[in-house]
Amino acid sequence: MNEPTRASVGFRSERGPILIALMLTTGLVAIDSTILATAVPSIVQDLGGFAQFPWLFSVYLLATAVSVPVYAKLSDTVGRKPIVLIGIALFLIGSVLCGFAWSMPALIAFRALQGLGAGAIQPMSMTIAGDIYTVAERAKTQGYLASVWAISSVVGPTLGGVFSQFLSWRWIFFVNVPLCILAGWMLIRAFHESIERRKHRIDYAGAALLTGGMTLLILAVLEGGQAWAWNSVWSIGAFALGALLLVAFVLVERRAAEPVLPLWVFSRRLLVTTTLISLGVGAILIGLTSFVPTYLEGTIGVAPIVSGLAVAALTLGWPIAASLSGRFYLRIGFRNTAILGMGIAIVGAVALAATSVAPSVLLVAVSCFVVGLGMGLIATPTLIAAQSSVPWHERGVVTGSNMFARSIGSAVGVAVFGAIANAIIGASAGGAHAAATIQQASTAVFVSVAIAAVLTIVAGLAMPRSRVEDVEFDRTAPAAAD
């Protein structure tokens, strides 16, 4: 078989239609990740529940996180295509229901359904790209996939601002309907895979324990100090029971015939370190995307569309760096590229925290852009390094574990950041909507984000030094899983 040329990565190549389908599929999650934050003030004004708004992000991320390992395992057994189509269908149904939500609890519940769909969409798109492109080809492929995030970084916040300011925040969910239909149709038409069908045992017990344990821990962090005191029976009980369920999950996975999250993932240094890095990336990302709009709108009263563009600077810097990351990791290796990105992200996060006492759209946008540049040099190389170190029948699990860590990082991050913000707001005599109170709460969150960025570099330093040729397995086609 001849070695593919760089030209074979483009739209006109044999794999071009698949690449377009992956870009459309990625666009579903990309737009959703940027469009909601700018509409939060409008949603709160319409439905109420300011203290509950972090759940709009947390429950979505939690549903995504706990479902990713299940989808990833299934994709290694039944193939990628059925799983990603199921994800698109769930995302479509969840979006429609969110658009018709009548209360904050209902919207939170429907966001969970959206999250179950996203849990299949994002990792499957990345896994399919890992299946059909080599490590060297992915350096160029990332440019195409990153362009989706670049476009979404502008389109998402802009649409979110326009809908919430001139129409209704409900349209931020209805806009997903045609995108889901188009993405599903393109995948059905363009992507074909041949999988040996075999009987498999689904790890229901492991999935249930993981879901229950993580839900209780997120609940305990987010509601502590709000719905109940930190030292109350409810708080201690939620933490204790959540931890107990996760211990039980580990014990079940050790004996499961086909574990939903195989423990061998945590026995390889490269996979462990890249997973920890993804955990930090998730926390940093959600800390900025979920709190920057509220910070700007609540302190200096900017319009939602303006605060959305400030967030867009983050999601614009990310794909720019991601598209260039291939040149770095092919030359200096995955570890050095990731450490470079972490250094840049720390600079941006510290700058945001330091300047947040004097709210400025320009300063926020510049700081977010710098953080985004760092994220692009961290997330892409570490994921590709992890994917490329395993064969086809393990790639779904590895990609899923990486995405699981990012979602857990975001879910735990938004819970912790929300708890910090709510504690400051609750202790203030000025009330939840006082500009000074929101500024203080946001500054505390941004300081926490900077700390998370510093902690993430520790995992990067522990990452093994490996070159592209050291990790790449044969990417050729799908073999039946053992």
Gap separating the CD1 atom of I284 from the CG atom of L279, nearest 0.5 angstrom: 10.0 Å
Could you go through the side-chain contact (heavy atoms from CB on, under 4.5 Å) check for N176 and L92 one step at a time? CA-CA 7 Å; N176 291 328; L92 172 60; over 6 Å; no
Using the rule given for side-chain contact (heavy atoms from CB on, under 4.5 Å), can you reason through V416 versus S448, listing the C-alpha separation, both sets of side-chain angles and the distance that settles it, and then say yes or no? CA-CA 9 Å; V416 171; S448 301; 5.9 Å; no
Can you confirm whether or not the ring centre of Y295 sits under 6.0 Å from the ring centre of F446? yes
Distance (rounded to the nearest 0.5 Å) between S103 OG and I108 CD1: 8.5 Å
Validation row: L90, L113 side chains within 4.5 angstrom (heavy atoms): yes
I'd like to check the salt bridge (Lys or Arg N to Asp or Glu O under 4.0 Å) partners of R189; sequence neighbours left out, ordered by chain and number. none
Atom pair CZ (F417) and CD1 (I420), whose distance is rounded to the nearest 0.5 Å: 6.5 Å
side-chain contact (heavy atoms from CB on, under 4.5 Å) for L251 and R255? Distances and angles first, verdict last. CA-CA 7 Å; L251 296 176; R255 296 185 178 184; over 6 Å; no
With a 4.5 Å cut-off on side-chain heavy atoms, are V364 and C368 touching? yes
Taking all heavy atoms of Q114 and all of G94, pick out the closest pair and write down the distance. CG-C, 3.7 Å
Taking atom CG of L324 and atom CD1 of I320, what is their separation to the nearest 0.5 Å? 8.0 Å
If you compare all heavy atoms of I378 against all heavy atoms of A338, which two are closest, and at what distance to 0.1 Å? CG1-O, 3.7 Å
Using the side-chain contact (heavy atoms from CB on, under 4.5 Å) rule, take L246 and L210 through it: C-alpha gap first, then chi angles, then the decisive distance, then the call. CA-CA 6 Å; L246 291 183; L210 179 62; 4.3 Å; yes
Could you tell me which non-hydrogen atom of L288 sits nearest to which non-hydrogen atom of V371, and how far apart they are? CD1-CG1, 3.8 Å
Residue set satisfying side chain to side chain contact (heavy atoms under 4.5 Å, CB included) with A283, at least two apart, ordered chain then number -> none
So which heavy atom on A453 is nearest to which on A349, and how close? CB-CB, 4.4 Å
Tell me if a side-chain donor or acceptor on T25 pairs with a main-chain N or O of A21 at a distance below 3.5 Å. yes
Pair F173 + F91: ring centers closer than 6.0 Å: no
Do L373 and L377 touch side chain to side chain, with heavy atoms closer than 4.5 Å? no
Does any N or O in the side chain of R111 come within less than 3.5 Å of the main-chain N or O of A63, such that one atom is a donor and the other an acceptor? no
Separation between CG of L187 and CZ of R80, rounded to the nearest 0.5 Å: 13.5 Å
Looking only at heavy atoms, the pair that brings I20 and M186 closest together is CG2-CE, 3.7 Å
Nearest heavy-atom pair of K81 and I188: which atoms, and what distance? NZ-O, 3.1 Å
I277 side, atom CD1; L455 side, atom CG - distance, nearest 0.5 Å: 13.0 Å
